[in-house]
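Only heavy atoms go into these numbers, but all of them, side chains included; no hydrogens, no water, no symmetry mates.
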Amino acid sequence: MPRRLPMLTALAVLAASATAFAASYQFVMTGDRHGTTVTGYDAPTKDRILNGTCDVCPSDDWALRAITILENADTPVFVVFDWTDIKSGGATRDKGYPRGSRYGKAHKVEVPTGFFVNKVQVCTNDKGTKSEIKGVRVWGFKFGDQGILEQKDPVSFEQPNCAKWTDPSTCPVGEMISDVYVAHDDQRIQGLKVACRVVTRRR
């Protein structure tokens, strides 16, 4: 007659099996990129910042986690994007876009650990063609045991001269930001536009 495992031992075995099963999944970006609208001032010049290991190669394994705006004399001249490996959840990489060579104050917004940004909103000083970024909000989501969990409250910074929160640049829930377009003129960073890809769970 087969020997029965004690109840606690059996539960532990089931829990370990479930953990191993869950860990066998990986998340990857699939499908074509699709753009969104600019948040901030829609300047004519936009430079694309990819999440890959070089300036012209995107990656399917990295998702946006944080944005840092750096200023020189109260003018936003540099933006840094922090990306996280969605397969390991641990490694990070940052890629920036400069409009100058001297930086002072830094303002960073970052979603909680385990979350990925899928919505960005910019506040400007509302000065027409000379508008510049004076605040940023980000929202994120993560994959939980019961499906997708959205971040209810944004992470943000706001300068005293933030005058107008513009419409956000948003990926649908379940999609991740694959790259970001930086809108700017010759002196300042004025807006951001995200591109999105669907995220698929694979074994």
Side-chain angles (χ1 to χ4, degrees), residues 36-41 43 46-53 55 58-59 61-86 88-126 131-142 149-171 173 175-185 187-196:
T36 60
T37 56
V38 171
T39 179
Y41 178 71
K46 299 177 185 69
D47 289 290
R48 183 183 181 193
I49 309 299
L50 300 174
N51 62 1
T53 54
D55 291 337
S59 167
D61 304 332
W62 298 81
L64 185 65
R65 289 231 32 250
I67 300 173
T68 303
I69 302 290
L70 295 96
E71 296 180 327
N72 178 23
D74 200 39
T75 298
V77 293
F78 191 76
V79 57
V80 178
F81 303 100
D82 292 357
W83 307 87
T84 296
D85 187 339
I86 63 176
S88 71
T92 60
R93 170 188 300 153
D94 58 51
K95 294 177 73 72
Y97 185 82
R99 296 306 307 163
S101 57
R102 299 178 62 185
Y103 317 117
K105 293 183 293 184
H107 309 278
K108 185 175 184 177
V109 288
E110 182 175 7
V111 293
T113 301
F115 283 76
F116 307 107
V117 178
N118 71 316
K119 181 178 180 180
V120 179
Q121 186 178 25
V122 162
C123 181
T124 73
N125 55 358
D126 199 21
S131 293
E132 54 192 41
I133 292 177
K134 293 300 177 183
V136 176
R137 291 174 181 156
V138 294
W139 289 258
F141 74 95
K142 71 176 181 178
L149 176 64
E150 295 183 67
Q151 180 185 340
K152 295 181 179 179
D153 299 317
V155 181
S156 65
F157 83 85
E158 181 178 337
Q159 293 284 74
N161 51 352
C162 161
K164 180 182 179 181
W165 285 100
T166 57
D167 292 337
S169 187
T170 306
C171 295
V173 174
E175 297 189 11
M176 289 183 183
I177 295 173
S178 59
D179 32 311
V180 183
Y181 294 81
V182 179
H184 63 88
D185 63 13
Q187 296 181 325
R188 58 187 63 82
I189 294 173
Q190 301 180 282
L192 302 172
K193 173 184 174 181
V194 303
C196 317

Pairs satisfying salt bridge (charged side-chain N to carboxylate O under 4.0 Å, His left out), at least one member in residues 109-118, at least two apart:
Arg65-Glu110, Lys108-Glu110

Which pairs pass salt bridge (charged side-chain N to carboxylate O under 4.0 Å, His left out) with one or both residues in residues 151-167, sequence neighbours excluded?
none

Is a side-chain N or O of Glu71 found less than 3.5 angstrom from the main chain of Ala106, in a donor-acceptor match?
no

Output yes when a side-chain donor or acceptor of Thr36 lies under 3.5 Å from a complementary backbone atom of Val194, and no otherwise.
yes

Side chains of [X] and [Y], heavy atoms from C-beta outward: is any pair under 4.5 Å?
{"X": "Cys162", "Y": "Asn125", "value": "no"}
{"X": "Ile177", "Y": "Val120", "value": "yes"}
{"X": "Asp74", "Y": "Asn161", "value": "yes"}
{"X": "Val117", "Y": "Phe81", "value": "no"}
{"X": "Glu150", "Y": "Trp139", "value": "no"}
{"X": "Gln190", "Y": "Pro76", "value": "no"}

Any idea which heavy atoms bring [X] and [Y] closest together, and the distance?
{"X": "Met176", "Y": "Phe141", "answer": "CG-CZ, 3.9 Å"}
{"X": "Trp83", "Y": "Val180", "answer": "CH2-CG2, 4.2 Å"}
{"X": "Asn118", "Y": "Gly140", "answer": "OD1-CA, 3.6 Å"}
{"X": "Cys196", "Y": "Ser178", "answer": "N-OG, 4.0 Å"}
{"X": "His184", "Y": "Ile189", "answer": "CB-CA, 4.1 Å"}
{"X": "Arg188", "Y": "Thr75", "answer": "CB-CG2, 3.7 Å"}

Rounded at 0.5 Å granularity, tell me how far [atom1] in [X] sits from [atom2] in [Y].
{"X": "Thr124", "Y": "Glu132", "atom1": "OG1", "atom2": "CD", "value": "9.0 Å"}
{"X": "Thr68", "Y": "Phe78", "atom1": "OG1", "atom2": "CZ", "value": "9.5 Å"}
{"X": "Gln159", "Y": "Cys123", "atom1": "CD", "atom2": "SG", "value": "9.5 Å"}
{"X": "Tyr181", "Y": "Ser169", "atom1": "OH", "atom2": "OG", "value": "11.0 Å"}
{"X": "Lys134", "Y": "Asp126", "atom1": "NZ", "atom2": "CG", "value": "13.0 Å"}
{"X": "Asp179", "Y": "Ile49", "atom1": "CG", "atom2": "CD1", "value": "9.5 Å"}

Below 30° counts as parallel, above 60° as perpendicular, anything between as tilted: where do the rings of Phe157 and His107 land?
parallel

Evaluation steps, side chain to side chain contact (heavy atoms under 4.5 Å, CB included), between Ile67 and Leu192:
CA-CA 11 Å; Ile67 300 173; Leu192 302 172; 4.3 Å; yes

